[in-house]
Enquirer: 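What follows is a single structure, and I will ask about it in a moment.
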Amino acid sequence: MPESNKHPLTIRLCQPRGFCAGVDRAIQIVVLALKKYGAPVYVRHEIVHNRYVVEGLQNLGAVFIEEIDEIPDEHRDCPVVFSAHGVPKSVPRDAAERALFYLDATCPLVSKVHKQAIRHHRLGRHVVLVGHAGHPEVIGTMGQLPDGAVSLIETEEDVARFAPADPAALGFVTQTTLSVDDTAGIVGALQRRFPAIQAPAAESICYATTNRQEAVKETAPGADLFLIVGAPNSSNSRRLVEVAERSGAKRALLVQRAADIAWDEIGPIRTLGLSAGASAPEIIVNEIVEAFRDRFDVTVELAVTATETEDFPVMRALRDVELTRADMAFVNG
Ligand code: 10E
Ligand code: SF4
């Protein structure tokens, strides 16, 4: 189709979007470990919830496992990296018992939530964790404390059913990637039912989650379609789809790659919202914009709602290895 025959399409591109400082650090840790120690580098769980990132690291020599007992004895000297989502205390303990060499890529903001949960426990409080059952971050946070010390709350209905032994001795923390609005509702319900419940010293939902949800909220009203780049197992990406739907986008979808877009089902659109979850690489955002340019006469409007300057350094053991732009090109383009 000649350029002039294409229908006009405005893409509202959210900023901030995509990689947060914790994801960037975790990927760097795997890349640097491969450079320093050579392949294989084992990674416990997807380093971040994105297949493209995982496959890119596999191509460099990373081997993904779910549990550290999958590491064969003859590879005990190879490094094993723990994913950005955090691990229960039993994981580094087991690794130390087997004399494995581990590098913990848990995001510092997840570690901060762990510390807050431990603090509540030390002060004699039963810990209420607001989060999604089965998510690795939730498993990691619950695993900071002995069995029975933490109760998981997923919904306001759970709050109504919750019957703690001592309602006067409670403290809460949350998963870092929750819906800001839903969590405010759940925490409000907890505070109404248990007025003595103690909040964490610092907000558990992280800056990246908050900023990405805010950007989508601002951009969604009137959008004919909103696409969030991200994986189905990415909690923060799925929350962005919900935010887009609730904030006035006519439709919102999660997409992993441009090839996943069902073009014949898109219908007539004039305004597209576009953002990416914290684990989704910019190279895929670019791929999707280009796929729309092939079919529409595209104007990109950048919707800037916040400026992020967070940058989390890697651990000391890897700081002597140089990280070049080329090393991260597989995700940043
Ligand atoms: O499923 P999540 O959103 O928790 O993880 P992700 O890998 O998609 O994004 C990074 C977020 C982390 C590591 C949790 N704080
Ligand atoms: Fe850290 Fe937040 Fe990114 Fe999770 S989403 S890795 S808590 S910065």
Side-chain angles (χ1 to χ4, degrees), residues 16-30 43-57 62 64 66 81-88 91 103-117 129-144 152 154 173-180 182-183 200 202-216 228-243 254-256 275-282 284-285 306-314 331:
R17 64 176 178 279
F19 280 9
C20 58
V23 163
D24 203 39
R25 173 179 180 271
I27 297 171
Q28 283 182 29
I29 288 171
V30 182
V43 185
R44 183 190 178 278
H45 191 68
E46 289 190 346
I47 186 74
V48 298
H49 290 148
N50 189 276
R51 200 170 58 198
Y52 182 93
V53 171
V54 167
E55 286 173 1
L57 293 171
F64 287 84
E66 278 309 310
V81 180
F82 303 153
S83 84
H85 314 93
V87 289
V91 172
L103 295 162
D104 188 353
T106 302
C107 175
L109 300 183
V110 174
S111 301
K112 202 161 101 183
V113 174
H114 291 176
K115 288 189 190 103
Q116 296 290 329
L129 169 61
V130 183
H132 299 291
H135 188 281
E137 183 180 320
V138 163
I139 294 168
T141 302
M142 293 187 84
Q144 299 306 305
L152 181 66
E154 294 190 79
V173 290
T174 83
Q175 199 177 332
T176 56
T177 53
L178 298 182
S179 153
V180 171
D182 289 352
T183 307
E203 171 65 70
S204 301
I205 296 180
C206 77
Y207 82 93
T209 298
T210 308
N211 288 348
R212 278 152 195 66
Q213 288 180 18
E214 194 51 44
V216 169
I228 303 294
V229 185
N233 60 338
S234 168
S235 166
N236 80 87
S237 306
R238 285 172 54 186
R239 300 294 82 78
L240 293 179
V241 176
E242 293 166 2
V243 170
L254 192 66
V255 282
Q256 303 202 64
S275 186
S279 46
E282 185 63 9
I284 300 181
V285 175
T307 305
E308 293 181 343
T309 53
E310 285 75 3
D311 183 19
F312 300 147
V314 300
V331 279

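These numbers come from the heavy atoms of this one structure, side chains and all, not from hydrogens, waters or symmetry mates. All ligand and atom numbering here is 1-based and tracks the order in the structure.
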Enquirer: Will you find, in the side chains of His132 and Gln175, an N or O donor that is under 3.5 Å from an N or O acceptor?
Expert: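 Their side chains do not contain a donor-acceptor pair, so the 3.5 Å distance test is not met.
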
Enquirer: Is there a donor-acceptor contact under 3.5 Å linking the side chains of Ser235 and Thr177?
Expert: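 Yes, side-chain donor-acceptor contact under 3.5 Å.
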
Enquirer: Taking ring-ring contact (aromatic ring centres under 6.0 Å, His included) as the definition, give me every residue that meets it alongside His114, ordered by chain and number, with sequence neighbours left out.
Expert: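 Scan of His114 (ring-ring contact (aromatic ring centres under 6.0 Å, His included), adjacent residues dropped) gives none.
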
Enquirer: Counting no waters, what protein N/O/S atoms lie under 2.8 Å from atom 2 (Fe) of ligand 2?
Expert: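 Under 2.8 Å from atom 2 (Fe) of ligand 2 - ignoring waters, which are not counted - the protein N, O or S atoms are Cys206 SG.
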
Enquirer: Measure from the side-chain N and O atoms of Asn211 to the backbone N and O of Pro16, and report whether any donor-acceptor pair falls under 3.5 Å.
Expert: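 Not at all, since once roles are kept as given, no pair shorter than 3.5 Å links the two residues.
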
Enquirer: Can you list, by chain and residue number, every protein residue with a non-hydrogen atom closer than 4.0 Å to ligand 1?
Expert: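 Contacts of ligand 1 under 4.0 Å: Val23, Val48, His49, Ala84, His85, Val110, His135, Glu137, Thr176, Thr177, Asn233, Ser234, Ser235, Asn236, Ser279.
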
Enquirer: Taking ring-ring contact (aromatic ring centres under 6.0 Å, His included) as the test, write out the residues that go with Phe82, two or more places apart.
Expert: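 Once residues adjacent in sequence are excluded, the partners of Phe82 under the ring-ring contact (aromatic ring centres under 6.0 Å, His included) criterion are Tyr102.
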
Enquirer: So, are Glu203 and Lys112 salt-bridged, with charged N and O less than 4.0 Å apart?
Expert: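 Salt bridge: no.
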
Enquirer: What is the ring orientation for His85 with His49, classed by angle as parallel under 30°, tilted 30 to 60°, or perpendicular over 60°?
Expert: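 The arrangement is parallel - the two ring planes meet at less than 30°.
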
Enquirer: Using a strict 4.0 Å threshold on nitrogen-to-oxygen distance, state whether Arg17 and Glu282 make a salt bridge.
Expert: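 Here Arg17 pairs with Glu282 in a salt bridge, since their nearest N and O are under 4.0 Å apart.
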
Enquirer: Can you check side chain to side chain donor-acceptor pair (under 3.5 Å) on Thr176 and Glu137, steps first, answer last?
Expert: CA-CA 8 Å; Thr176 56; Glu137 183 180 320; 2.8 Å; yes

